[in-house]
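What follows is one structure encoded as structure tokens, with my remarks underneath.
Residue numbers start at 1 and run along the sequence shown. All heavy atoms count here, side chains included; hydrogens, waters and symmetry mates do not.
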Amino acid sequence: MRAPLPTDENDRVAALHDTRVLDTLPEDDFDDIALLASEICGTPMGLVSLVDTDRQWFKAKVGLEVDEMHRDMSFCAHAVTGHDLFEVPDALADARFADNPLVLGDDNVRFYAGAPVVLDGTHSVGTVCVVDHVPRELSTGQRRALRSLARHASVQLELRRYARHAGDIADRMRQLDRMKDSFLAGVSHELRTPLASIRGYLEMLLEDDFDPDTSQRFLSVMQRNSDRLLRLIDDLLSVARLNGEGVDLDVVELDLAELAHQVTTSCRPLAEHREITLLNSTERPILARGDARRLGQALNHLIVNAIKFTSPGGEITICGTEGDEPEIIIRDTGVGIPAAELPHLFDRFFRSAAADQMAVQGPGLGLSIVRLIIDAHHGSIHVDSEPGIGTAIRLTLPKP
């Protein structure tokens, strides 16, 4: 039975073609995803499959020789009609697939599970899927892992699309060419490092019978690296959307002191883990006009950034006043910023020398997101910093 067309079929295919990944050569990043899917789920086949208008094409494959097949035979064509994992425990007992040539023929497909690869959080363009020759069901952990690998595949496609658009601009502006190369190198490192860690721990878990405590530690490390990948793609998408569409604000009267209290509370566990004192001494109320969600996002970036660049035993203070203009100040006793780097501090993908020396993770997008948000509020940012002493960042916003 041919799969029904997704309701967003035209936009879905357009988004897939915009990645320009169809019919490209194999790449390690995708090959690793297919291999991990096969190993985690214990199946002979693991695939990164993309569903085009009339065909299913495999960007990466384990246990399969062909590069593509007609969409009418595709299990993945059913999976891309939604966003959740699609599982067929026994294809021969499923009316949708019982007469499928892949089931009745030499391929002997009996089990399928595919997690959709979603672009823009909207369009399912393919799957990370696994196939077996015997009926079975995935465990809860295997389903969770397959969904995670599908998100990683989505990240890879989004990055290629974003990099290509950056490249189109760079062709017209030679200056941006260096930024594109730096971006690709930085993001590639940011993606490969956690994914390699996840794969390494998975290999150990699959090869040896560890005690529950050890296994739990391995899983905790894998979860942290998965979170790191998700934060990266969130930042990339935020920058792309805020630049491309402008910042959509829900402006109301708000209390900056209350907002600072909420963000400080959420950041305190990280500060305590790093043995850093985080103090909030804002005077209440500090009334301003703004979007609480967006301003909270900006404050969170600034406080987390201060934590990253402050050594254990240091101190971060958040204070603010209403005065002539409502303002919030974040002061830290961190490494400080050299004067030569200050003009580039809010540039996209800029990483300071201290970030490399201290092995601080991230592609250099957080502060550019802060600038976009504050500019959209018609506010201002002022930075005072001295290497070895610390940094103070002052945010000024409009009055109610």
Side-chain angles (χ1 to χ4, degrees), residues 16-52 56-68 76 113-119 125-131 142 144-167 180-207 218 221-233 235-237 349 359 361-363:
L16 172 61
H17 287 187
D18 193 40
T19 66
R20 296 191 184 178
V21 73
L22 291 170
D23 301 309
T24 56
L25 294 173
E27 299 176 61
D28 289 343
D29 291 330
F30 289 99
D31 291 344
D32 287 344
I33 291 173
L35 179 61
L36 279 171
S38 173
E39 291 182 349
I40 293 169
C41 297
T43 59
M45 282 182 271
L47 309 165
V48 177
S49 167
L50 301 173
V51 180
D52 200 358
Q56 172 184 17
W57 180 76
F58 305 111
K59 175 57 181 171
K61 55 191 179 179
V62 172
L64 185 69
E65 296 300 323
V66 299
D67 294 324
E68 63 180 60
C76 295
V117 174
V118 182
L119 295 181
V125 298
T127 71
V128 173
C129 64
V130 291
V131 178
Q142 288 169 332
R144 186 164 53 243
L146 203 58
R147 291 188 183 100
S148 177
L149 290 172
R151 289 196 296 270
H152 296 331
S154 301
V155 168
Q156 294 287 348
L157 292 178
E158 293 280 13
L159 288 173
R160 278 155 179 74
R161 186 164 61 164
Y162 187 85
R164 182 175 62 76
H165 289 312
K180 181 186 69 173
D181 293 340
S182 175
F183 161 69
L184 289 174
V187 168
S188 176
H189 171 76
E190 288 293 322
L191 286 170
R192 285 176 179 273
T193 300
L195 192 56
S197 173
I198 292 169
R199 180 181 179 182
Y201 280 103
L202 280 173
E203 288 177 349
M204 288 189 286
L205 284 171
L206 291 168
E207 291 175 2
F218 286 180
V221 174
M222 291 157 61
Q223 182 182 33
R224 286 198 300 273
N225 279 286
S226 297
D227 291 342
R228 176 180 168 188
L229 287 170
L230 289 175
R231 284 195 300 271
L232 171 61
I233 193 59
D235 283 351
L236 286 168
L237 291 175
F349 314 119
Q361 299 170 357

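The two residues V117 and S154 come nearest to each other via the heavy atoms CG1-OG, 3.4 Å. Summarising the geometry of A37 relative to V130, their closest heavy-atom pair is O-CG1, 3.4 Å, with the distance given to 0.1 Å. Among all heavy-atom pairs drawn from F30 and A60, the shortest one is O-CB, 3.3 Å.
Looking only at distances, a side-chain donor or acceptor of Q142 sits under 3.5 Å from a matching main-chain atom of I40. Between the side chain of T127 and the backbone N or O of A115, no donor-acceptor pair lies under 3.5 Å. Side-chain atoms of S38 do not come within 3.5 Å of backbone N or O of A34 as any donor-acceptor pair.
E27 is linked by a salt bridge (Lys or Arg N to Asp or Glu O under 4.0 Å) to K59, R160, counting only residues two or more places apart in sequence or in another chain. The salt bridge (Lys or Arg N to Asp or Glu O under 4.0 Å) check on D23 picks up R55, with sequence neighbours excluded.
Contact check for K61 versus D67: side-chain heavy atoms found under the 4.5 Å cut-off. Side-chain atoms of W57 and T24, non-hydrogen and from C-beta on, do get closer than 4.5 Å to each other. When side chains are defined from C-beta on, V131 does not count as touching L64, because their heavy atoms never get closer than 4.5 Å. Between D52 and H17 the shortest side-chain heavy-atom distance falls below 4.5 Å.
The structure places CD1 of I33 at 11.5 Å from CG of D28, a figure rounded to the nearest 0.5 Å. Atom CG of residue L47 and atom CG of residue L35 lie 12.0 Å apart, to the nearest 0.5 angstrom. Interatomic distance, L22 CG to L16 CG, rounded to the nearest 0.5 Å: 4.5 Å.
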Open item on the list: Pair V125, T19 - check side-chain contact (heavy atoms from CB on, under 4.5 Å), show working.
Closed with: CA-CA 10 Å; V125 298; T19 66; over 6 Å; no
